[in-house]
Student: 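Encoded as structure tokens, here's the structure I'll be asking about.
Everything quoted here is computed from the prediction, not taken from an experiment. Numbered from 1 within each chain, the chains take letters A, B, ... in sequence-line order.
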Amino acid sequence: MFRLEVRTSTPAWFNLALPLLAIAATLVLCSGLIALAGAGVIDAYGVMFTASLGDSYAITETMVRAAPMIFTGLAVAVAFRAKFWNIGAEGQLLAGAVASCFVGAIPMPGPLAMLLMAVAGAAAGAAVALVPATLRVKFRVDDVVSSLLLNSVIYYALMALIEGPWKDSFSGYPISPPIEDSANFPVLLEGTRLHLGVVVALLAAPLIWFLIVRTTLGFRIRVTGENPEAARYGGINVERVLLSTALLSGALAGLAGVGEVGGVHFQVMSDISPGYGYSGIVVAMLARLNPLGVVPAAIFLAAVMTGAEAMSRATGVPAFLSDVIQGTALLAMLVALLFTAYRIRRVGAAR
Amino acid sequence: MSAVFEQIFQVGFLAAIIRIATPLAFATLGEMFSERAGVLNLGIEGIMLLSAMTGFTATSLSGSLWLGILVAVLTGMLMGALHALFTVALGLSQHVCGIGVTLFSSGLAYFLYRLIFGQQSVPPSIKGFETLPIPVLSSIPVLGPAVFNQFALVYMAILAIPLAAFVLYRTPWGLSVRMVGENPRAADSAGVSVIGTRFQAVILGGALMGLAGAFLSMAQFNAFTFGVVSGRGWVAIALVVFGRWDPWRSAGAALLFAFVDALQLRMQASGLGHIPYEAFLMLPFIFTIVAMAVMSRNAVAPSALLKPFRREER
């Protein structure tokens, strides 16, 4: 006989084992689709791996794609730690992209431009995230729905800009004018797209980890999320913590947009984010909301996205497999998380 | 100015409002059933997309429109069951699962569509639904051609609104749905199966979302494109809140949104584009967010929304 029991604590190796279990389950489940497409499962995953992590150029491409998801993953992880349900990283990313592109188009010395782009992008993302947080704190409005709906508002605002007053008069397409050449983030390796923003993203993860685990604000964020009543009893201003969390979360998501403008696209278009904000939720959950775990989780998703295109060319399996993998990984991880709440205990047949 | 108004407010305009409102009405009613039972379904955007794809594909391969509708509805029910499995049976967090269901269903829709139809320069299309004028009623001036010369699915949507209200407010099952959404503990004591009722409500909601998706690919556009749903699922989430979780108000909200959308399409077409059309498209979201703030004082949302139910936990 087996029985489900409520767990009181989880061993540390779970943090590594659960995401790996979820990813393994995802790859097994999705192999059915590869077989359906008439390709060899090992072949397809093999191409996916070599094309994303097999050589140094492939790795740089994967890292370029991972950078925005590291930022949105951190944004979601920080927010969810405080149980501020920020589903709005997508909109905050777009706001960050617009603000940084606007600043980057102003002629000024390169380093200053990059710094101001980051500041403007982070501020714009933070401002957007502040809306659902304020509504929750002041009016008890559900933050899930309000942050989600804001994504659409920001998206249409962006479209109105690039189809209207901000439309690039040279190209005639609905895209913004490019930023100044001097504001383009420096490329770190000749012949690749590996830009400064990728390094900033990699540095942000340990920084946010330190903030969450070792600082007073981080402590307040964690207590607010785990037990708001206890937090309030202990003299923590829960409302204020939620607002600070929103500012931090939104700023991080905004920085994802800054990196895309400064390091990859150099302008703003309607599809500047292929859903990196939503991918951030997948990343954060795979990382079990640990900022350090966000990096490998984002690299995994980025590798799947980068590898899927090569896999499609080589085997004919549609590249959209990467979208299925993303959704499946999130659902598999949620199921895997049940192991943290319950344990399966063998009970003697005779009672 | 009056010439402009004449151009805008004509039979075609009224008919356009009804057509735009139809998929939103289905989707909104579907989300409403789910939420009244206490389950937020953010999978709606992906469920609509996947149903639009499966319905279109079934019709394209078989030539039968109603078979396509059936497949789309079954797809919606299946994905609803998946969402219920995670959120109701396993008690996982509803918003994260919903995003997972949307990511998974959209990915699957893109993947299967590309697998079945390949990459074609001209996307394949089907001969979609044709309008079905209702005798006598369709000859009423203005209202007749606008409302009673529509697709069969439009009539179904119009009938679905009073039916949804009847089911929710006047049947034992509807009472169970409202009970498990308001106070699952009490419902459980009264002998109502919380898990069972929530499963049924989310699956029924999925069926309606499936109809919404099918309408888009099989009546409105007669083709499946990757942007066929383009945020209509999120609009439905907003309309349910704006309509205060009530079938009549939600459907009214869908009609209001359709009016604004049709107006912006007309204004674009008539070259009156001083106001960017995106401003109109933003309105339902902004209105809803404001309405949520205003309404929050008299909590109208189902009390148990977002809260999983576990019998043993007290």
Student: Just wondering, are more than 12 heavy atoms of other shown residues or ligands nearer than 6.0 Å to CD in Q119(B)?
Tutor: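 Open.
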
Student: Could you measure the distance from the OG atom of S279(A) to the CG atom of L103(B)? Nearest 0.5 Å is fine.
Tutor: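 Going from OG on S279(A) over to CG on L103(B), the span is 6.5 Å.
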
Student: For A157(A), is it the side chain, the backbone, both, or neither that has a heavy atom closer than 4.5 Å to a heavy atom of chain B?
Tutor: both

Student: If you take all heavy atoms of A37(A) and F111(B), which pair is closest and at what distance?
Tutor: CB-CZ, 4.5 Å

Student: Tell me, for L92(B) versus chain A, whether the close heavy atoms (under 4.5 Å) come from the side chain, the backbone, both or neither.
Tutor: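 Looking at L92(B), just its side chain touches chain A.
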
Student: Taking all heavy atoms of P318(A) and all of R114(B), pick out the closest pair and write down the distance.
Tutor: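 In terms of heavy atoms, the two residues are closest at CB-CG, 3.8 Å.
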
Student: With a 4.5 angstrom heavy-atom cut-off, could you sort out which part of I154(A) is near chain B: side chain, backbone, both or neither?
Tutor: neither

Student: Side chains of Y155(A) and E278(B): is there a donor and an acceptor less than 3.5 Å apart?
Tutor: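 Looking only at side-chain atoms, E278(B) and Y155(A) do not form any donor-acceptor pair under 3.5 Å.
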
Student: Can you tell which part of V335(A) gets under 4.5 Å to a heavy atom of chain B, answering side chain, backbone, both or neither?
Tutor: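 Interface part for V335(A): both.
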
Student: Starting at CD of Q326(A), measure out to CD1 of I99(B) and round the result to the nearest 0.5 Å.
Tutor: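 Those atoms lie 11.5 Å apart.
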
Student: Rounded to the nearest 0.5 Å, what separation is found between the CE atom of M282(B) and the CE atom of M159(A)?
Tutor: 11.0 Å

Student: So which part of M333(A) gets closer than 4.5 Å to some heavy atom of chain B, the side chain, the backbone, both or neither?
Tutor: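 Contact with chain B involves no heavy atom of M333(A) at all.
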
Student: Among L281(B), V101(B), I237(B), L306(B), which residue forms the greatest number of heavy-atom pairs with chain A at distances under 4.5 Å?
Tutor: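 Top count of heavy-atom pairs under 4.5 Å with chain A: L281(B).
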
Student: Identify the residues of residues 33-47 of chain B whose heavy atoms come closer than 4.5 Å to a heavy atom of chain A, ordered by number, or report 'none'.
Tutor: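 Within residues 33-47 of chain B, the residues that come under 4.5 Å of chain A (heavy atoms only) are L40(B), L42(B).
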
Student: Do the side chains of T102(B) and Y278(A) get nearer than 4.5 Å, heavy atoms only?
Tutor: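 They are not in side-chain contact.
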
Student: Under 4.5 Å heavy-atom distance to chain A, tell me which part of L112(B) shows up: side chain, backbone, both or neither.
Tutor: side chain

Student: Taking all atoms of both residues into account, what is the closest heavy-atom pair of G107(B) and D323(A), and its distance?
Tutor: CA-CB, 3.5 Å

Student: What is the minimum heavy-atom distance between Y156(A) and S230(B), and which atoms define it?
Tutor: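 Looks like OH-O, 4.4 Å.
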
Student: Examine whether an atom of Y277(B) lies under 4.5 Å from a heavy atom of chain A, and if so say whether it belongs to the side chain, the backbone or both; otherwise answer neither.
Tutor: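 Side chain of Y277(B) only, per the 4.5 Å heavy-atom cut-off to chain A.
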
Student: Hey, would you say the F320(A) and Y110(B) ring centroids sit under 6.0 Å apart?
Tutor: yes

Student: Side chain from CB out, backbone as N, CA, C, O: work out which of these in F280(B) comes under 4.5 Å of a heavy atom of chain A, or both, or neither.
Tutor: neither

Student: Name the member of L148(A), I281(A), I87(A) that forms the most heavy-atom pairs with chain B at distances under 4.5 Å.
Tutor: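 The residue among L148(A), I281(A), I87(A) with the greatest pair count is L148(A).
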
Student: Pick one of side chain, backbone, both or neither for D142(A), based on which atoms fall under 4.5 Å of a heavy atom in chain B.
Tutor: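 It is both, since atoms from each part get that close.
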
Student: Out of I286(B), V96(B), L108(B), which one racks up the most heavy-atom pairs below 4.5 Å with chain A?
Tutor: V96(B)

Student: Between CZ of F285(B) and OG of S152(A), what distance do you get to the nearest 0.5 Å?
Tutor: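 Between atom CZ of F285(B) and atom OG of S152(A) there are 3.5 Å.
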
Student: At a 4.5 Å cut-off on heavy atoms, which part of L33(A) comes close to chain B: side chain, backbone, both, or neither?
Tutor: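 Contact with chain B: backbone and side chain both.
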
Student: Any chance you could measure F104(B), atom CZ, to T328(A), atom OG1, to the nearest 0.5 Å?
Tutor: 5.0 Å

Student: What are the two closest non-hydrogen atoms of I289(B) and S146(A), and how far apart are they?
Tutor: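 Smallest heavy-atom distance, with atoms named: CD1-O, 4.0 Å.
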
Student: How about CZ on F309(B), more than 12 heavy atoms from neighbouring residues, nucleotides or ligands closer than 6.0 Å, or not?
Tutor: yes

Student: Which of the residues G275(A), C30(A), A329(A), G327(A) is involved in the greatest number of heavy-atom pairs with chain B at under 4.5 angstrom?
Tutor: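 So the answer, after comparing G275(A), C30(A), A329(A), G327(A), is G327(A).
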
Student: Quick check on V153(A) against chain B: is it the side chain, the backbone, both or neither that has a heavy atom closer than 4.5 Å?
Tutor: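 The answer is both parts of V153(A).
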
Student: Specify the closest pair of heavy atoms between L334(A) and C97(B), including all atoms of both residues, with the distance to one decimal.
Tutor: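 So the two residues come closest at CD1-SG, 3.5 Å.
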
Student: Working note: V145(A) + M292(B), criterion side chain to side chain contact (heavy atoms under 4.5 Å, CB included); need CA distance, chi angles, decisive distance, verdict.
Tutor: CA-CA 10 Å; V145(A) 174; M292(B) 279 163 76; 4.0 Å; yes

Student: Taking only residues at least two apart or on different chains, which pairs with a member in residues 80-102 of chain B satisfy ring-ring contact (aromatic ring centres under 6.0 Å, His included)?
Tutor: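 Non-adjacent pairs meeting ring-ring contact (aromatic ring centres under 6.0 Å, His included): W85(A)-H95(B).
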
Student: Using heavy-atom distances under 4.5 Å, tell me whether L330(A) contacts chain B through its side chain, its backbone, both, or neither.
Tutor: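 For L330(A), the side chain is the part near chain B, not the backbone.
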
Student: Please look at L338(A) and chain B and tell me whether the side chain, the backbone, both or neither of the residue comes under 4.5 angstrom of a heavy atom of that chain.
Tutor: side chain

Student: Is chain A contacted by the side chain of V235(B), its backbone, both, or neither, given a heavy-atom distance below 4.5 Å?
Tutor: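 No part of V235(B) comes within 4.5 Å of chain A.
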
Student: Counting only non-hydrogen atoms closer than 4.5 Å, does L36(A) touch chain B with its backbone (N, CA, C, O), its side chain (CB onward), both, or neither?
Tutor: both

